[in-house]
Participant: 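A single structure is presented below for examination.
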Amino acid sequence: MSKTETVIVIGAGIGGLCTALMLAPSGRAITLLERDGPIESQDPDQLFRDWRRTGVGHVRQSHAFLARLRTIMKAEHPQLLEQLKTLGVRELTFDNMLTPPQQALYTPQPQDEELTFITSRRTTLEFAMRRYVETLGNVTIRSGFLVRRLVTSKAADGVINVTGVTGEQDGAETTLTADVIVDTTGKSGFTFDQLVEEGANVREEKEDAGILYFTKHYRLKPGQPEPDRNEHPPASGDLGYLKYGVFPGDNGNFSITIALPEVELELRKSILNPEIFHQITLNLPGLHPWTNSTRSEPTSKVFGMGDLVSRWRDLVIDGKPATRGYFALGDTLIRTNPLYGRGCSFAAVGAQQLRKTLDETADPTQRAILLHQRLEAELRPFYLTQRRQDRTAIKRARETLTPGFKPKFKAKLMQSFVDDGIRIAVRSDVRLLREAMRGFHMLEHPDKWLGKPNNLATVLYYWARGKKLNAAAYPPSAGPERQEMMQALNLDYRADLIAPPEEARLAA
């Protein structure tokens with residue numbers, strides 16, 4: 001009888017829990033090491049107020065699971081999906097994405113069920129996942145275990161073998177060993193840095209996302225329903241100087257997230273003031289129906305989140321692995337701008353690919369190479385797409401702050417193709433929206449839908465029709481211009497303006 005393979009997962013956040021969920025059906029013996037103590041409440045509201053998640057600075061930021069993660073859950077652990085619903089976690093289906101004209105023509109298709117978001121407060125999502133994982137017979141969660149270092153040794157070929165961890169539990173130093181070590185410590189983890197210090201041949205690329213996040217939570221007042229989406233402007237939008245969105249939560253709660261470009265220093269300084277944040281929401285047509293005093297009341301302070309850096313790490317260079325027995329997943333390996341909501345899905349997909357890899361071969365070197373290849377194929381396209389979008393947003397934010405800026409003809413043409421072609425087409429044609437959402441939800445390559453000749457032809461058709469014929473497809477104004485918003489908040493709209501190059505040269 002063969003020995004059961006053992007796995008240590010460092011971290012029991014969503015990345016670690018996804019790893020346990022994906023590996024558990026394989027029969028391996030899995031131990032999750034979590035430095036925080038056990039969960040002390042079963043009440044979602046108390047968890048939101050009191051649950052301290054050391055090192056998880058985004059625990060009270062808005063969260064949503066894309067369809068890719070929901071599809072994985074439904075296939076692997078349908079009981080978990082039902083338990084999430086029992087706790088009040090929301091599912092937002094494809095028909096919620098349709099404009100009123102599209103709804104009038106909509107005929108549901110079987111594949112539309114796939115295009116469903118899961119949305120909730122992060123604490124509720126994580127609590128439900130942990131409670132479910134604790135029922136899995138081959139999974140153990142050791143709370144209060146602080147990992148200090150990896151147990152490593154360098155082989156003759158220069159590859160670092162990782163065989164365990166050392167740390168502390170209940171004040172006692174402890175060493176644990178396993179056949180497989182999975183690192184899901186996230187952006188603040190230091191175990192990966194240890195490998196670099198020991199000479200692991202890894203490659204890292206990173207780039208600032210150019211924005212900061214600010215989130216405030218609200219609760220619907222008794223008897224108040226959520227606003228009818230057809231009676232009000234969209235509850236999300238991009239004004240260049242800020243982006244915003246509503247995240248419906250569990251049990252009558254919801255959150256508002258406002259993302260500000262790094263160059264908007266005056267707004268950034270002010271938005272942590274709860275009154276300023278709230279006033280911003282009341283000045284945005286899509287948010288006012290949610291946050292006005294008749295509909296809801298605030299339930300939290302403003303939570304800020306910075307250090308938003310896109311990062312991709314390679315543990316295999318030119319076909320040679322840097323480590324054996326060690327696998328990094330989630331934010332430890334790949335970080336993306338939270339604006340696109342892909343972090344949790346990246347972790348789940350990575351864990352799913354890890355299981356396929358471990359099941360395919362027992363050779364540690366081949367495991368490292370295979371997982372690297374699978375993550376490149378599955379996740380790299382989405383990483384590159386969001387990085388391009390970040391660069392465009394950073395450029396646009398700087399242009400907004402440059403008085404008298406006039407884009408060049410090519411830039412205007414490309415922006416028109418996006419605003420008057422792509423966006424109008426997907427707001428008009430249900431089939432096209434369905435195709436686009438498959439890419440957004442990571443169910444297929446993000447560029448595949450627009451690369452299909454029929455889809456591109458449809459976009460070009462709407463673009464060529466012009467604004468007059470497409471008038472009904474344009475959404476209402478997302479909100480005021482920057483100067484108007486700043487004046488409404490009693491802020492100096494001139495504070496962060498950027499002098500045109502010629503003026504800056506003369507001033508110098």
Side-chain angles (χ1 to χ4, degrees), residues 41 43-53 56-65 84-85 87-92 96-97 117-128 211-239 242-260 267-268 270-305 338-339 341 476 478-480 485 488-489:
S41 175
D43 177 61
D45 289 336
Q46 186 174 344
L47 279 171
F48 176 77
R49 289 192 305 269
D50 301 335
W51 194 6
R52 295 186 62 188
R53 295 291 288 113
V56 188
H58 53 289
V59 70
R60 287 173 179 82
Q61 294 293 331
S62 300
H63 275 74
F65 287 172
L84 286 167
K85 295 178 188 177
L87 281 171
V89 172
R90 301 282 302 282
E91 289 193 334
L92 302 181
N96 283 287
M97 305 295 111
F117 287 95
I118 295 175
T119 180
S120 170
R121 292 175 290 185
R122 157 77 181 243
T123 48
T124 304
L125 289 168
E126 191 171 325
F127 162 67
I211 62 170
L212 294 91
Y213 274 68
F214 302 90
T215 294
K216 187 173 176 63
H217 292 258
Y218 293 79
R219 183 193 296 276
L220 295 169
K221 289 185 174 180
Q224 285 290 329
E226 291 181 354
D228 187 326
R229 62 181 300 273
N230 291 329
E231 294 179 2
H232 303 286
S236 63
D238 182 354
L239 297 173
L242 65 77
K243 299 177 177 66
Y244 64 88
V246 173
F247 290 76
D250 56 283
N251 303 297
N253 294 279
F254 65 92
S255 60
I256 305 289
T257 289
I258 297 174
L260 298 178
L267 268 175
R268 285 170 47 191
S270 305
I271 198 171
L272 285 171
N273 181 326
E275 291 303 318
I276 294 289
F277 186 102
H278 188 64
Q279 285 302 313
I280 292 174
T281 70
L282 296 179
N283 277 279
L284 295 170
L287 299 188
H288 184 278
W290 289 82
T291 63
N292 68 79
S293 59
T294 300
R295 181 82 62 176
S296 65
E297 58 188 1
T299 59
S300 78
K301 66 178 185 178
V302 179
F303 298 100
M305 181 180 176
L339 179 68
M485 174 67 85
L489 301 173

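All residue numbers refer to positions in the sequence shown, counting from 1. For clarity, every value in this text was computed on a predicted model and none was experimentally measured.
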Participant: Would you check if the side chain of Arg268 reaches a backbone N or O of Leu260 as a donor-acceptor pair within less than 3.5 Å?
Facilitator: no
Participant: Evaluate the side chain to side chain donor-acceptor pair (under 3.5 Å) criterion for residues Ser255 and Ser62: first the C-alpha distance (whole Å), next the side-chain angles of each, then the deciding distance (0.1 Å), finally the verdict.
Facilitator: CA-CA 6 Å; Ser255 60; Ser62 300; 2.6 Å; yes
Participant: Any heavy-atom pair between the side chains of Glu126 and Arg53 that's under 4.5 Å?
Facilitator: yes
Participant: Supply the atom-to-atom distance Thr215 OG1 to Met305 CE, rounded to the nearest 0.5 angstrom.
Facilitator: 9.0 Å
Participant: Is there side-chain contact between Pro248 and Leu92, with at least one heavy-atom pair below 4.5 Å?
Facilitator: yes
Participant: When you compare the side chain of Leu220 with that of Glu226, does any pair of heavy atoms fall below 4.5 Å?
Facilitator: yes
Participant: Do His217 and Phe48 have ring centres separated by under 6.0 Å?
Facilitator: yes
Participant: Taking the side chain as every heavy atom from C-beta outward, state whether Arg121 and Asp45 have any pair of such atoms under 4.5 Å apart.
Facilitator: yes
Participant: State, yes or no, whether a side-chain contact exists between Leu87 and Asp250 at a heavy-atom distance under 4.5 Å.
Facilitator: no
Participant: Which donor-acceptor pairs under 3.5 Å do the side chains of residues 280-289 make with protein atoms, sequence neighbours left out?
Facilitator:
| from | atom 1 | to | atom 2 | distance (Å) |
| --- | --- | --- | --- | --- |
| Thr281 | OG1 | His278 | O | 2.6 |
| Thr281 | OG1 | Thr291 | OG1 | 2.8 |
| Asn283 | ND2 | Gln279 | O | 2.8 |

Participant: Which value, rounded to the nearest 0.5 Å, describes the distance between Arg122 atom CZ and Gln61 atom CD?
Facilitator: 10.5 Å
Participant: What distance do Thr119 atom OG1 and His63 atom NE2 have between them, rounded to the nearest 0.5 Å?
Facilitator: 10.0 Å
Participant: Evaluate side-chain contact (heavy atoms from CB on, under 4.5 Å) for Leu489 paired with Leu267, printing each intermediate quantity in order.
Facilitator: CA-CA 9 Å; Leu489 301 173; Leu267 268 175; 4.1 Å; yes
Participant: I'd like to know whether NZ of Lys301 has more than 12 heavy-atom contacts from other residues, nucleotides or ligands below 6.0 angstrom.
Facilitator: no
Participant: Starting at CE of Met485, measure out to CG of Leu239 and round the result to the nearest 0.5 Å.
Facilitator: 7.0 Å
Participant: Which heavy atom in Pro225 sits nearest to a heavy atom in Arg295, and how many Å separate them?
Facilitator: O-NH1, 2.8 Å
Participant: Ser296 versus Gln224: any side-chain heavy-atom pair under 4.5 Å?
Facilitator: no
Participant: Under 6.0 Å between ring centres, would you say that holds for Phe254 and Trp290?
Facilitator: yes
Participant: So which atom in Thr299 and which in Tyr218 form the shortest heavy-atom distance, rounded to 0.1 Å?
Facilitator: OG1-N, 3.7 Å
Participant: For Leu47 and Arg60, work out which heavy atoms get closest and say how close.
Facilitator: O-NH2, 3.6 Å
Participant: Working to the nearest 0.5 angstrom, can you tell me the gap between Phe127 CZ and Asp43 CG?
Facilitator: 9.0 Å
Participant: Please name the pair of heavy atoms, one in Lys216 and one in Ser300, separated by the smallest distance, quoted to 0.1 Å.
Facilitator: NZ-O, 2.6 Å
Participant: So which atom in Pro234 and which in Tyr244 form the shortest heavy-atom distance, rounded to 0.1 Å?
Facilitator: O-OH, 4.1 Å
Participant: Does Asn251 offer a backbone N or O that forms a donor-acceptor pair with the side chain of Asn253 under 3.5 Å?
Facilitator: yes
Participant: Do the side chains of Trp51 and Val59 get nearer than 4.5 Å, heavy atoms only?
Facilitator: no
Participant: In Å, rounded to the nearest 0.5 Å, how long is the span from CD of Glu91 to CZ of Phe117?
Facilitator: 12.0 Å
Participant: Heavy atoms only: give me the nearest Leu272-Gly304 pair and the separation to one decimal.
Facilitator: CD2-N, 4.2 Å
